[in-house]
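Lettering of chains follows the sequences in order, A, B, ..., and the numbering in each one begins at 1. Values in this document were obtained by computation on a predicted structure and should not be read as measured data.
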Amino acid sequence: MKKELLSILKNNCRLSVEEMAVMLGTTSDEVKNAMKELDEKGIILAYNALIDWEKLDDQYVTAYIEVKVTPQRGQGFDKVAERIYKYPQVTACSLVSGGFDLFVVVEGRTMKEVALFVAEKLAPIDSVMSCATHFVLKKYKDSGVIFNKTYVDDREAVVL
Amino acid sequence: MNIKKMVKKNILETPPSGIRKYFDMVNEMEDVISLGIGEPDFETPWTIREEGIYSLEKGKTHYSSNAGFIELRQEISNYMNNRFGLKYDPKDEILVTVGGSEAIDIAIRTFAGPGDEVIVPEPSFVAYKGCVMFAGATPVTIELEAEDRFKLKPEQIINAITDKTKAIIIGYPNNPTGATMDYEDYKAIVEVLKDKDIIVISDELYAELTYEGVHVSIAQFPEMKDKTIVINGFSKAFAMTGWRIGYACGHADALDQMKKIHQYAIMCSPTTAQYAAIEALKNGEPEIRRMKEEYNRRRLVMVDGFRKIGLNCFEPVGAFYVFPDISVSGLVSDEFCERLLMQERVLMVPGNAFGACGEGFVRATYATSIDNIREALVRIRRFLESL
Ligand SMILES: Cc1ncc(COP(=O)(O)O)c(C=O)c1O
């Protein structure tokens with residue numbers, strides 16, 4: 001049931017506990033308990049909204065940054081990663097295979113702000129060898145959701 | 001000239017579908033939640049659409065062989081075997097048609113004509129009876145019962161059979177009731193049908209949308225296989241209604257004859273759709289599963305919702321319809337639907353549109369978003385309280 005619950009929540013975390021209970025063929029209390037357990041175990045980390053900031057007038061930029069790092073003896077990449085992901089501007093940070101080591105997502109209000117963050121905070125970190133910053137110009141899809149696509153039900157009334 | 005006088009009697013006498021009227025009303029209204037449309041709300045999965053587009057880009061815009069591309073028939077053959085354990089030779093036991101609709105029509109026309117009877121259990125898909133009448137044959141209806149969970153019972157068939165019976169149309173998972181038939185249910189009716197010279201037209205368009213147990217086809221009974229025409233398609237399972245593609249499987253002697261009608265009346269089914277359908281069978285499985293999972297969740301919420309607001313409904317375990325009993329309202333189906341639409345702007349289809357015995361029920365589809373279902377239930381509850 002937990003897998004099924006997670007799959008429901010991943011799609012839509014705004015269903016009521018009662019609705020989820022009906023979908024899972026169980027009671028509301030069971031669902032509440034399962035969710036509590038998943039939260040406590042750190043399996044469910046957050047219930048976030050996916051927002052298209054472009055639709056607002058506010059300035060908003062996202063940058064994907066490729067970071068090359070010299071791993072430190074005995075600590076691998078974890079220590080550097082930690083120094084990086086602790087900045088609130090960093091919204092995502094992963095160790096990746098390939099031509100660079102850390103893939104870092106930084107969000108800010110302006111390009112300048114993000115560029116300064118990279119220049120003043122990221123790049124100077126001791127074991128960081130290089131940063132390549134890619135500003136997002138247009139977001140097409142994120143977390144499985146296509147942007148700028150509104151669903152209109154234009155099915156015609158047919159006789160069946 | 002009075003054109004109407006020129007029209008053939010059996011066409012003139014066939015009434016248009018009762019559902020039309022509501023859709024005309026809806027077109028004039030705003031903010032209507034439709035639980036009336038019998039087709040998926042999902043778009044065709046992209047991998048399928050893309051193959052259709054590629055085929056057009058490559059200029060593949062010609063006819064196919066009458067029966068459909070052999071590659072598609074081969075995929076259908078594999079699918080029928082893998083999914084249902086049914087073996088059909090792609091060479092002469094599979095015919096690709098313009099939707100399951102065409103397959104239903106030509107199967108009926110191949111086997112029944114003036115003086116013949118075709119057994120049509122109701123409530124059921126509106127086209128069955130119409131097609132029987134256009135063929136000049138006489139539909140003999142069986143009234144399925146809510147207390148039997150709308151399953152077909154052997155006694156009902158025995159009572160309907162006469163020496164004129166040529167065929168019976170069986171449609172499970174069922175539109176409009178959402179009922180299914182399991183192995184034991186079929187076994188009982190196979191006992192009746194196995195020794196009779198009666199063709200079974202088995203409309204299995206919703207086979208993939210079976211939420212409990214596995215889909216059973218009457219053709220899985222060896223004694224029935226040769227006399228059954230299995231009809232399936234892509235509309236419901238793959239969300240491909242607009243592509244107009246489906247198929248019939250059966251004994252070569254039956255298919256050869258059906259193919260003649262198809263050949264002269266249709267030529268071949270749309271080839272863009274055929275290319276897309278090949279991809280659907282090759283790679284569509286994960287998407288079918290995803291959609292089915294979503295339908296199932298909505299189904300459970302809708303059934304639970306109807307029961308909570310006092311509309312009795314048996315557990316539908318197939319297709320994407322719920323068929324609640326509205327007798328508590330004290331209204332007949334037609335009035336219920338019309339007043340619900342006018343008062344609360346929710347569209348459902350009166351049960352009697354699917355046969356007289358559907359009176360006292362309405363059909364609601366959960367091929368719509370969970371938000372719509374939730375809101376519709378609130379409105380229907382308010383409507384019931386206002387009565
Ligand atoms: C039971 C049943 N059979 C057949 C069809 C026809 O489907 P298509 O012609 O799109 O394959 C429908 C469509 O609503 C249906 O509900």
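Contact between B/Glu293 and A/Ser7 at its shortest, heavy atoms only, is OE1-OG, 3.8 Å. Contact detail for A/Arg155 and B/Glu39: the closest heavy-atom pair is NH1-O, 2.6 Å. For the pair A/Met23 and B/Leu300, the tightest heavy-atom approach, listed with the atom from each and the gap, is O-CD1, 3.1 Å.
For A/Asp58, the CG atom counts as densely surrounded, since its 6.0 Å shell holds more than 12 non-hydrogen atoms of other residues, nucleotides or ligands. Around the CZ atom of B/Arg290, the shell of radius 6.0 Å holds more than 12 heavy atoms that belong to other residues, nucleotides or ligands.
A salt bridge between A/Glu19 and B/Arg298 is absent, with no side-chain N of the basic residue lying under 4.0 Å from a carboxylate O of the acidic one. Look at B/Arg297 and A/Glu4 and you find a salt bridge, because one of the NZ, NE, NH1 or NH2 atoms lies within 4.0 Å of a carboxylate O, short of that distance.
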- Task: Apply the test salt bridge (charged side-chain N to carboxylate O under 4.0 Å, His left out) to residues B/Glu43 and A/Lys149: give CA-CA distance (whole Å), side-chain angles for both, the deciding distance (0.1 Å), then the verdict.
- Result: CA-CA 13 Å; B/Glu43 291 169 348; A/Lys149 179 178 166 157; 3.0 Å; yes
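Ranked by heavy-atom pairs under 4.5 Å with chain A, the list B/Thr241, B/Val301, B/Asp41 is led by B/Asp41.
At least one side-chain heavy atom of B/Arg374 sits under 4.5 Å from a side-chain heavy atom of A/Leu15.
In this structure, CG in A/Asp153 is found 8.5 Å from OG in B/Ser369, a value given to the nearest 0.5 Å.
Only the side chain of B/Ile370 comes within contact range of chain A, with heavy atoms under 4.5 Å apart.
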